[in-house]
Amino acid sequence: MTGGGIVASANGEAKPLTLSNTDKIFWPQQGYTKGDLLMYYAAMAPVLLPHLRGYPLVLVRYPDGIEGKFFYQKQAPDHRPSWLPTVTIPSSGSDGTAGEGKKSASSGRAITYCMVNDEADLLWLINAGCIEVHPWLSMAADPDKPTAMVFDLDPAPGQDFRVVIEVALCLQAALKTLGLKGYVKTSGASGLHLFVPIAPLYPYAVVREAAVVLAQMIAEVDSRVTLERHVEERGQRLYLDCWQMARAKTLASVYSVRPVPGATVSTPLLAEELSGENLLDPRQFTIKNLPDRVAQVGDLFAPVLQEKNDLRPLLSLTGAQG
DNA sequence: GGCTTTA
DNA sequence: TAAAGCCAACGCTCA
DNA sequence: TGAGCG
């Protein structure tokens with residue numbers, strides 16, 4: 001793939017897009033280029049775009065590849081094309097935590113976030129060196145109400161991936177007793193993400209606190225699991241992180257590429273991949289094989305777009321107000 | 001990656 | 001003219 | 001009050 005102008009079109013609107021430096025090496029060990037990254041995202045656009053539409057995005061940009069300097073970008077750059085969709089959101093509101101009477105005023109300036117509706121939007125971000133795409137957990141239209149309850153299963157360095165899988169299964173079983181269904185994907189790095197899709201009915205703090213109660217129950221019965229936020233205190237335990245559920249916090253999106261050797265991808269898993277005999281290797285899913293996998297198994301995260309779990313049984317269990 | 005600011 | 005800078009920052013927990 | 005966390 002070489003550079004040059006292309007014109008994508010959506011709804012009859014022309015979106016001129018010029019790709020640059022497509023031969024630049026982004027993954028030195030594998031020799032993968034920015035062009036490979038662009039081709040991956042272009043191939044995945046049909047399944048990826050529905051998961052991104054309507055969400056404010058935080059970009060993690062590596063313009064010189066995974067071994068170069070990187071930076072997070074929230075504010076959409078001024079030189080973006082005029083056709084790129086954006087949303088402007090005040091950077092601080094309440095996160096729904098009870099403590100009224102305190103600050104919670106709009107302390108920060110508003111931030112204009114990038115969004116993506118179509119392939120041209122997505123590829124413009126990727127061409128800018130954005131390897132990871134981090135959507136908010138709430139939509140631009142309702143930025144204080146998350147659309148999923150999310151658990152981030154983060155193993156200690158060197159911890160057996162089998163433990164991560166067992167904790168995910170345990171969580172799923174606990175959710176099932178509450179009538180809830182969770183969907184699991186690899187983080188693309190060493191852990192797993194478990195998504196419980198919900199309607200945007202509750203503020204972040206309510207969903208988070210419900211998740212924490214559930215997570216504490218897991219940690220109580222499994223000594224390999226901790227909710228400890230301080231790294232040293234965790235020891236060799238798996239960190240069950242519920243803290244991404246807060247306004248303006250993000251997680252690598254489903255099908256997002258990760259800036260690690262091998263160009264791994266956050267990949268939804270089949271039930272049998274979680275429970276099967278042979279141990280899953282989360283590094284097996286990469287920009288080179290994901291399009292084929294999706295052609296075979298489809299978008300295993302598609303239900304996340306449709307299902308709205310009813311949190312009320314969990315909320316009543318935790319004593320929260322619904 | 002691309003723009004602006006500084007040396 | 002070239003190099004260097006800039007591009008996040010929420011809100012909580014524990015000490 | 002501030003350092004650490006993701």
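Everything numeric in this text was worked out from a predicted model, so none of it was measured. Residue numbering restarts at 1 for every chain, and letters A, B, ... go by the order of the sequence lines.
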Rounding to a whole Å, what distance do you find between [X]:[atom1] and [N]:[atom2]?
X        : N      : atom1 : atom2 : answer
A:Leu57  : C:dA8  : CG    : C1'   : 15 Å
A:Phe70  : C:dA8  : CZ    : P     : 13 Å
A:Glu228 : D:dC5  : CD    : P     : 10 Å
A:Gln244 : D:dC5  : CD    : C1'   : 10 Å
A:Arg208 : C:dC12 : CZ    : C1'   : 8 Å
A:Asp144 : C:dG11 : CG    : P     : 10 Å
A:Arg61  : B:dG2  : CZ    : C1'   : 7 Å

Sticking with atom [atom1], work out how far [N] lies from [M], rounded to a whole angstrom.
N      : M     : atom1 : result
C:dC12 : B:dG1 : P     : 38 Å
C:dC7  : D:dG4 : P     : 22 Å
C:dG11 : B:dG2 : P     : 33 Å

Problem - Side chain of A:Tyr72 - closest among C:dC14, C:dA8, B:dG1 - result: C:dA8
Practice task
Looking only at side-chain atoms of A:Gln75, point me to the closest of C:dA8, C:dC12, B:dG1.
Solution key: C:dA8
Problem - Test ring pair (Phe, Tyr, Trp, His ring centres under 6.0 Å) applied to A:Phe161 - qualifying residues, sequence neighbours left out - result: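 Counting only residues at least two positions away or on another chain, A:Phe161 forms no ring pair (Phe, Tyr, Trp, His ring centres under 6.0 Å).
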Taking atom types as modelled, is there a side-chain donor on [X] or [Y] under 3.5 Å from an acceptor on the other?
X        : Y        : value
A:Lys24  : A:Thr33  : no
A:Tyr239 : A:Asp152 : no
A:Lys34  : A:Asn127 : yes

Practice task
Establish, with yes or no, whether the OP1 or OP2 oxygen of C:dC10 is under 4.0 angstrom from a side-chain nitrogen or oxygen of A:Lys74.
Solution key: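 Checking C:dC10 against A:Lys74, no side-chain N or O comes under 4.0 Å of OP1 or OP2.
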Handout entry: Base of C:dC12 paired with side chain of A:Arg229 (donor-acceptor, under 3.5 Å)
Key =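 Side chain to base: pair found, below 3.5 Å.
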With heavy atoms under 4.0 Å as the rule, sort [X] into base, sugar-phosphate or nothing.
X        : value
A:Lys24  : sugar-phosphate
A:Val58  : nothing
A:Glu233 : nothing
A:Ile111 : sugar-phosphate
A:Asn127 : sugar-phosphate
A:Arg234 : sugar-phosphate

Problem - Ring-ring centroid check A:Phe26 A:Tyr62, cutoff 6.0 Å - result: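 Centroid distance A:Phe26-A:Tyr62: not below 6.0 Å, so no.
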